[in-house]
Amino acid sequence: MNKQTMNRILDTLKDMFPDAHCELNHSNPFELTIAVLLSAQCTDKKVNQVTEELFKKYKTPSDYLSVPLKELEQDIKQIGLYRSKAKNIQKLCRTLLEEYGGEVPQSHDALTKLAGVGRKTANVVMSNAFGVPAIAVDTHVERVSKRLGICRWKDTVLEVENNLMKKVPREEWTETHHRLIFFGRYHCKAQNPSCEICPLSDLCREGKKRMKSAK
DNA sequence: CTCCCGATAT
DNA sequence: ATATCAGGAG
């Protein structure tokens, strides 16, 4: 992909979603970390429904450790993958208390060592909570980047991330990341993407195919 | 690679 | 009925 095409994509995304932002409700780094951990294979909307009550009941790492595992499981059950997530939350909270004075560490390396926190979650926390430029590659960013030809179809999520970091100016990483999410979530959807009204459909094999069959 | 898993959209 | 949802661990 040449530079002009990439710039066209970035300009179009900015035009379509000028105020794209993190849609996981949170009021501090700790809540954000919990919310992102919960968001794996689940919609943000559902996570927000659950965290509205969850964050009233659990304010600190100690709070999550003050109840039996089974109780926490029930409190997040609607999210799915709830057994492993509940276990990870308690293990993560134990680590925060034992290693970091109950605070969320402000380094990518330390974050990924926490239970249930991988590269994608660490990137989201670093960028949204601590203002460090990052591009977290989730299901939307991966799908959109591949459809638009920003990277190759066979690329791993790490390769997708490296591609985006190479092609997007560092100071625009975080905003671009959010725009790719919005683009994937509301426009270039996994099912029934809006190819007919997509200003970038000429860049996308899938889009071209759908345009033809629509005629 | 598989497993984890309920809610929602299609 | 099936696909998908801000993935991570083993």
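Not measured: the values here are computed from a predicted model. Chain naming here is simple, since letters A, B, ... match the order of the sequence lines and numbering starts at 1 in each. Just so it is clear, the values below take in all heavy atoms, side chains as well, and ignore hydrogens, waters and symmetry mates.
- Among residues two or more places apart in sequence or in another chain, the side-chain contact (heavy atoms from CB on, under 4.5 Å) test is passed with Q49(A) by K45(A), K46(A).
- The nearest whole Å value for the distance from the OH atom in Y82(A) to the P atom in dC4(B) is 11 Å.
- Protein atom CD of Q74(A) is 13 Å distant from nucleotide atom C1' of dC5(B), rounded to whole Å.
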> S27(A) and E31(A): side-chain hydrogen bond (donor to acceptor under 3.5 Å, both in side chains), yes or no, with the steps?
Replying inline: CA-CA 6 Å; S27(A) 53; E31(A) 285 189 355; 2.8 Å; yes
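- Between the side chain of R147(A) and the main chain of C188(A), a donor-acceptor pair closer than 3.5 Å is present.
- One N or O on the side chain of S127(A) and one on the backbone of V124(A) form a donor-acceptor pair closer than 3.5 Å.
- Separating the C1' atom of dT2(C) from that of dC5(B) is a span of 15 Å, rounded to the nearest Å.
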>> For nucleotides 2-10 of chain C, give me one character per nucleotide, 5' to 3': B if any protein heavy atom sits under 4.0 Å from the base, S if the only such contacts are to the sugar-phosphate, - if neither.
In response: -SSBBBSS-
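- Using a 4.5 Å heavy-atom cutoff, the side chains of L81(A) and S84(A) are in contact.
- Spacing between dC4(B) and dA1(C) at atom P, rounded to whole Å, works out to 23 Å.
- In this structure, K46(A) atom NZ and dA9(B) atom P are separated by 10 Å, rounded to whole Å.
- Between H21(A) and F182(A), the ring planes lie tilted relative to each other; the angle falls in the 30° to 60° range.
- The CG atom of N48(A) sits 16 Å away from the P atom of dA7(B) (whole-angstrom rounding).
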